[in-house]
Amino acid sequence: MDITHILDPLNEAQRQAVTSDAGNLLVLAGAGSGKTRVLVHRIAWLIATEGISPHSLLAVTFTNKAANEMRLRIEELLERPAGGMWVGTFHGLAHRLLRAHWKEAGLPEKFQILDADDQLRLVKRVHKSLDIDESRWSARQCQWFINEQKDEGLRSGSLESYGDEFTAVMLKVYAAYEQACERGGMVDFGELLLRSHELWLKSPALLGHYQQRFKHILVDEFQDTNAIQYAWLRVLAGGKAEVTAVGDDDQSIYGWRGARIENIQHFSRDFPGAETVRLEQNYRSTGNILKAANTLIANNEGRLGKELWTQDPEGEAISVYSAYNEQDEARFICSQIQGWIKDGNKANEAAILYRSNAQSRELEEALLRVGMPYRIYGGFRFYERQEIRNAMAYLRLVSSRDDDAAMERVINTPTRGIGNKTLESLRLLARQESLSLWRAASKAVTENLLPPRAMLNITAFMTLINELEEFARDKDLDELCDQAIQRSGLVKHYEKEGGEKAKIRKENLDELVSAAKVFTMEALDNDDESSITEVLAAFIDKAALDAGDTQAGAGEDAVQLMTLHSAKGLEFPTVFIAGLEEGLFPHQMSMDTQAGLEEERRLCYVGITRARQKLTLSHAESRRLHGEENLTRPSRFLSELPQNLLEEVRLQGRITRSTFFNDYAKNTYTGSEHGSIASSGDMADNESLNLGQRVRHPKFGEGIVLNYEGKGKNARVQINFDEVGGKWLVMSYARLEAI
DNA sequence: AGTCCCCCCATTTTT
DNA sequence: TGGGGGGACT
């Protein structure tokens, strides 16, 4: 078989990784070093030369996007479908296992997947039924606790509170939540992994079957695996399968949600005979950007070690802008992007990255002001929208009456006179008799347990669902979907609401019908035997496991705004990282432990390595946060960069500020003007000070001018001193010296 | 059932 | 500063 097309496009390190025949393999893939390429080519290599059948391969990633892309590229390279191969996310694969072996796993055949929103609702209900003080322990907190434990592979039964009140309350909720899930046949995200892991442990025959099957396991983004995922992998591999782990310890930024950087750090210990290959040649960024990244990350301890390099030129210096405040910062970035576009580049080649979402508003406003199109990543995705979730809940009920989460959601949405009181008695009945809500409702109606009015309304609702199912029998999924949103009254409900918002909701519902159509056609392509019931069930699972990354306006030519976390895996010709200030980045809540600080540093490393040609960093001397003005210090990360590669950006020229209190922030920024303290000659030493200018004070040392008020002899200036922080000084006494 | 108001809170996010 | 959620009121 001709294998040149597999090896030719690779560099030496990549080739070594692709062709490695050590039992296990760790590929330390630096940013922009061709990680996915290695993964894909290694798979092709195994199939082409080692005679491994796609059937014995399992490749696992974290996001659906990554999984889809991998499958696509494998098929492209192999020039045939890789059907027998298991490619998917951890959750997707675990789900597949549980669907196949639901009985052994102790689940009902039609178990439902709870997504984050369903989960929170359930926790809230559990919370209420246990009469827990909402003001002391929030449902969110409980949800977080439960997920944290599941990520660690721990059930309520295997935990102890040791007299700690918090833990005791959390465990009580956790245990009741587990029971509720059990009763309703519901499985949350963590449970998918936990349950399939347990399934293997308790059925050695089943485990043996999969161990027999999968000769090679390939894992992407290994540094992001959490405890349960790692355990899952180790059990499956069982010392027999060959494991290829690809990842970058320097890009581990999800420790806060259970990812364990130790998993990649200890790979060679836990997977004996592992070969380690480093991919250090970078095909993305300029030399200077890489040097900055390398220097920064060298401050972390316990790294596996890696140094990025490129054959490309040094490129431009890294710009650093010290803004007066967050508005100035936003205007600066905005004007730089305008300049970038004027130079013939496109808006979507520019990205603005920030540590926390709250920072986006100021940037948005600045972009809006100059009419620059922008797009914010993150936020609600398709299947997370309220109207879509409501419509899906009807479909879920059609598919499975026992889906309590769905029933709770839409039994009275839109309102049909089934109030809280009715619902409460149904819940009670359900709990007492260990029934699903639907069955409880059914019982209540047949046995006349409720006021006639309530029973009438419930009957109408149940009839609606039954009729929808009836209707679906000889129809396609999209037709069912359309009927569901019409007959449930959802469409009317949103129409009645009126306004722009409702219009968008209506459009989304239409979009759902189209999505159902596409899904049906794909299902028919793959397997023309599937009945509508099966297609419907598959559609519901897809909606739960894949929130739908199709972001509105994805293809638009707009400036890209996102958090540093969501920038991982992406790249842009020009990148701005805003808000490099102590307390913001590194964030206050993560800077007092070394582990926290190092993760922040890795986050910064991720940000820097997103840039291809040009990197611009900025910080503000003063930032409004939670409604109050705070003086800030530049981030330590700025001082950890090689100073010779940095170029401080100062805006040339100046405008003379009105001697009245003309708030600088309100001045229109043109990019060439600069706020300045009036130099109308009435200052003590007849010397003008500019906002943003560095000055020296005999006692306080050096600092930067932030603001002033008053004029003449009485003028007071605010200076942010490097050593002692912010101070207001009277001009005529301060003996300030401009630097 | 729906609206309004007040209080509280405030990284990062995928499945 | 502002958004979200919960409670109270109409």
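Chain identifiers are assigned alphabetically (A, B, ...) following the order of the sequence lines, protein sequences preceding nucleic acid strands; residue numbering begins at 1 within each chain.
For Arg453(A), the CZ atom is loosely surrounded, since the number of other residues' heavy atoms within 6.0 Å does not exceed 12.
When distances are taken from the side chain of Arg624(A) to each of dT1(C), dA1(B), dT13(B), the shortest belongs to dT1(C). Comparing atom distances between the His565(A) side chain and each of dT12(B), dT15(B), dG3(C) picks out dT12(B) as nearest. For Asn412(A), the listed nucleotide lying nearest its side chain is dA1(B); candidates were dG3(C), dA1(B), dT15(B). Comparing dT15(B), dG5(C), dG3(C) against the side chain of Arg361(A) picks out dG3(C) as the nearest. When each of dT12(B), dT13(B), dA1(B) is scored by its nearest atom to the side-chain atoms of Arg355(A), the top-ranked nucleotide is dT12(B). Relative to the side chain of Thr415(A), the nucleotides dT14(B), dT15(B), dA1(B) differ in distance, and dA1(B) lies closest. Here dA10(B) is the nucleotide among dG6(C), dT13(B), dA10(B) with the atom lying nearest to any side-chain atom of His626(A).
Rounded to an integer number of Å, the gap from CD of Gln223(A) to C1' of dT14(B) is 14 Å. The interatomic distance linking Asp133(A) (CG) with dC8(B) (P) rounds to 14 Å, in whole Å. Taking atom CG on Leu584(A) and atom C1' on dT12(B), their separation rounds to 12 Å, with Å as the unit. Across the protein-nucleic acid pair, Asp224(A) atom CG and dT15(B) atom C1' stand 13 Å apart, rounded to whole Å. In this structure, Asn357(A) places its CG atom 4 Å from P of dT12(B), rounding to the nearest Å. Atom-to-atom, CZ of Phe62(A) to P of dT14(B) comes out at 13 Å; the value is rounded to the nearest Å. Atoms CG (Asn147(A)) and P (dT12(B)) sit 17 Å apart, rounded to a whole Å. Atom P of nucleotide dT13(B) and atom NE2 of His91(A) are separated by 17 Å, given to the nearest angstrom.
Among the protein residues, Gly419(A) comes within range of the sugar-phosphate backbone only, with heavy atoms under 4.0 Å from sugar or phosphate atoms but none that close to a base. Among the protein residues, Lys124(A) comes within range of the sugar-phosphate backbone only, with heavy atoms under 4.0 Å from sugar or phosphate atoms but none that close to a base. Note on Glu600(A): a base of the nucleic acid sits closer than 4.0 angstrom, heavy atoms only.
The phosphate of dT13(B) (OP1 or OP2) has a side-chain N or O of Thr563(A) nearer than 4.0 angstrom. Not one side-chain nitrogen or oxygen of Ser356(A) sits closer than 4.0 Å to the OP1 or OP2 atom of dA10(B).
Residues Arg416(A) and Leu603(A) each lie close to DNA chain B; by heavy-atom proximity, the contact nearer the 5' end of the strand is made by Arg416(A). When each of Glu599(A) and Lys496(A) is assigned the nucleotide of DNA chain B bearing its nearest heavy atom, the one mapping closer to the 5' terminus is Lys496(A).
Annotation: dT12(B) and dG5(C) have their C1' atoms spaced 22 Å apart (nearest Å).
In this structure, the ring of Trp256(A) has its center less than 6.0 angstrom from the ring center of His565(A).
The aromatic rings of Trp200(A) and Trp232(A) sit tilted, their planes meeting at an angle between 30° and 60°.
In summary, Glu221(A) and Lys35(A) engage in a salt bridge, as defined by a charged side-chain N under 4.0 Å from a carboxylate O. Taking a cutoff of 4.0 Å between a charged side-chain nitrogen and a carboxylate oxygen, Arg121(A) and Glu408(A) do not qualify as a salt bridge. Between Glu495(A) and Arg505(A) no salt bridge is recorded (no basic side-chain N to carboxylate O distance below 4.0 Å).
In this structure, Tyr254(A) does not count as stacked on the base of dT14(B) under the 5.5 Å centre distance and 30° plane angle limits.
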